[in-house]
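Predicted model, so just to flag it, every value in this text is computed and none were measured. We're numbering straight along the sequence, starting at 1. Scope of the values below: all heavy atoms of this structure, side chains included, with no hydrogens, waters or symmetry mates.
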Amino acid sequence: IVVVLWGILASFEHSVDRWLHSILPFDYTVQLQDLTMGAYGTGTFPESAIGKIRKDPRVSEAYGVRARLIPFRDETVMLVAFETGKFRRLQEERKLGGDPGLDRWLKEGVSRGDVAVSINFANLHGVRPGDSIPLSTPEGELPFRISDTLIDFSWPRGVVAIDLEMYRRIWKDRTLTYIDVAAAKGVDREALRTDLGTIFENRFDVFVYDTAEIRS
């Protein structure tokens, strides 16, 4: 039993490491949620917030993410929408990756208007690439084709990943849950982090985390 449990835990740790290696191509994430109190918050930024961050010359790239819980087959799953083009460019610049399903979806599935689902979503709900799943939208229940499965442990009942612009068009929602920021080469990163924490001039109480803190 001990050997089997050790094997399960070691496998899970390896999967989590692969996941974090593939989804953290940025230096800082700016959000309204205090991660020491919990992983999931309900606060959102307006779309204009990311423009303010992008104006800083010390920022080489910033992309927005919208994460929300939606109903699916009498359960609750997480929908994660993000700027896939910017995310993919940062991944390539920093030579990150390691999840073939995520890579295929970014390169091929997004352009077809497909979604990707986490492996636990596929296992729990009995779906696979090529299937269509119904998702509740403001326009009613619509079918979405699954391009690939990817490693993602964000939500225990599964994750559906979608391109942010497609999400905005269908869900009529232009808010952001958090903003991921990549620093330009050679800048004082700690100074940038401090300034990111005050960039909204007390309009929002924001929390800024670097990738090491997120992994921890």
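For F121, the ring-ring contact (aromatic ring centres under 6.0 Å, His included) partners two or more places apart in sequence, or in a different chain, are F72, H125. By the side-chain contact (heavy atoms from CB on, under 4.5 Å) test, R168 is found to be paired with E47, L164, E165, R174, L176, residues two or more places apart in sequence or in another chain being considered. The side-chain contact (heavy atoms from CB on, under 4.5 Å) search around L69 returns T76, M78, W155, not counting sequence neighbours. Here F45 pairs with F200, F204 under the ring-ring contact (aromatic ring centres under 6.0 Å, His included) rule; sequence neighbours left out. Qualifying salt bridge (Lys or Arg N to Asp or Glu O under 4.0 Å) partners for R157, counting only residues two or more places apart in sequence or in other chains: E75. With sequence neighbours excluded, the residues that form a ring-ring contact (aromatic ring centres under 6.0 Å, His included) with W171 are F144, Y167. Legend: residues meeting side chain to side chain donor-acceptor pair (under 3.5 Å) with T211, ordered by chain and number and at least two apart, are absent. R128 meets the side chain to side chain donor-acceptor pair (under 3.5 Å) test with no other residue; sequence neighbours excluded. By the side-chain contact (heavy atoms from CB on, under 4.5 Å) test, D56 is found to be paired with R58, V59, L192, residues two or more places apart in sequence or in another chain being considered. Listed by chain and number, the residues in a ring-ring contact (aromatic ring centres under 6.0 Å, His included) with F207 amount to none (sequence neighbours excluded). Residues meeting the side-chain contact (heavy atoms from CB on, under 4.5 Å) test with A182, sequence neighbours left out: D27, S60, E61, L90, R94.
Side-chain contact annotation: R145 with S132, donor-acceptor N/O pair under 3.5 Å absent. Judged purely by distance below 3.5 Å, without hydrogens or angles, the side chains of Y28 and D210 never pair a donor atom with an acceptor atom. In summary, the side chains of R104 and S147 do not present any donor paired with an acceptor at a separation below 3.5 Å, with no hydrogens or angles considered.
L124 and V117 end up in different hydrophobic clusters when Ile, Leu, Val, Met, Phe, Trp and Tyr side chains are linked at under 4.5 Å. In the hydrophobic clustering of ILVMFWY residues, with side-chain heavy atoms under 4.5 Å counting as a link, Y209 and I23 come out together. In the hydrophobic cluster analysis, where Ile, Leu, Val, Met, Phe, Trp and Tyr join through side-chain heavy atoms closer than 4.5 angstrom, V65 is grouped together with F26.
The main-chain N or O of F153 is never found under 3.5 Å from a side-chain atom of N120 such that the two would form a donor-acceptor pair. Side-chain atoms of E141 never come within 3.5 Å of backbone atoms of S136 as a donor-acceptor pair (strictly under, hydrogens ignored). With K95 contributing its side chain and E92 its backbone, the two residues share no donor-acceptor pair below 3.5 Å. Judged by distance alone, with hydrogens and angles left aside, the side-chain atoms of S118 form a donor-acceptor pair with the main-chain N or O of V159 at under 3.5 Å. Judged by distance alone, the side chain of S216 and the main-chain N or O of A212 form no donor-acceptor pair under 3.5 Å. Checking side-chain atoms of S111 against main-chain N and O of E108 turns up a donor-acceptor pair under 3.5 Å.
With rounding to the nearest 0.5 angstrom, the CD atom of E83 is 9.5 Å from the OH atom of Y63. Between the OG1 atom of T84 and the CG atom of L106 there is a distance of 6.5 Å, given to the nearest 0.5 Å. If you take CG on D205 and CG on L32, they are separated by 8.5 Å, rounding to the nearest 0.5 Å. Distance check: D99 CG to L150 CG gives 5.5 Å after rounding to the nearest 0.5 Å. Here the CD atom belonging to Q33 is positioned 10.5 Å from the OG1 atom belonging to T177, to the nearest 0.5 angstrom. Of the inter-residue distances, the one linking I146 atom CD1 with D131 atom CG reads 5.5 Å to the nearest 0.5 angstrom.
Of all heavy-atom pairs between P129 and D148, the closest is CG-CA, 4.0 Å. Between L196 and V206 the shortest heavy-atom distance is O-CG2, 3.8 Å. Listed here is the closest heavy atom pair of G113 and M166: O-CE, 3.1 Å.
Inter-residue side-chain proximity for I170 and L142 is flagged as met; some heavy-atom pair is nearer than 4.5 Å. Side-chain contact between D173 and R68 is present, with heavy atoms from C-beta onward closer than 4.5 Å. At a threshold of 4.5 Å between non-hydrogen side-chain atoms, the residues L102 and W105 count as touching. Inter-residue side-chain proximity for I214 and T29 is flagged as met; some heavy-atom pair is nearer than 4.5 Å. For the pair L79/I162, a side-chain contact is recorded, criterion being any heavy-atom separation below 4.5 Å from C-beta on. Under the 4.5 Å side-chain criterion, counting only non-hydrogen atoms from C-beta, I50 is in contact with R54.
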### Task
Report the C-alpha separation of R66 and T44 in whole Å, then their side-chain angles, then the decisive distance to 0.1 Å, and conclude whether the side-chain contact (heavy atoms from CB on, under 4.5 Å) test is met.
CA-CA 8 Å; R66 181 68 170 101; T44 57; 3.7 Å; yes

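Counting heavy atoms of neighbouring residues, nucleotides and ligands inside a 6.0 Å radius, atom CD of E13 does not exceed 12 of them.
In the hydrophobic clustering (ILVMFWY side chains linked at under 4.5 Å, chained through shared members), I1 is joined by L5.
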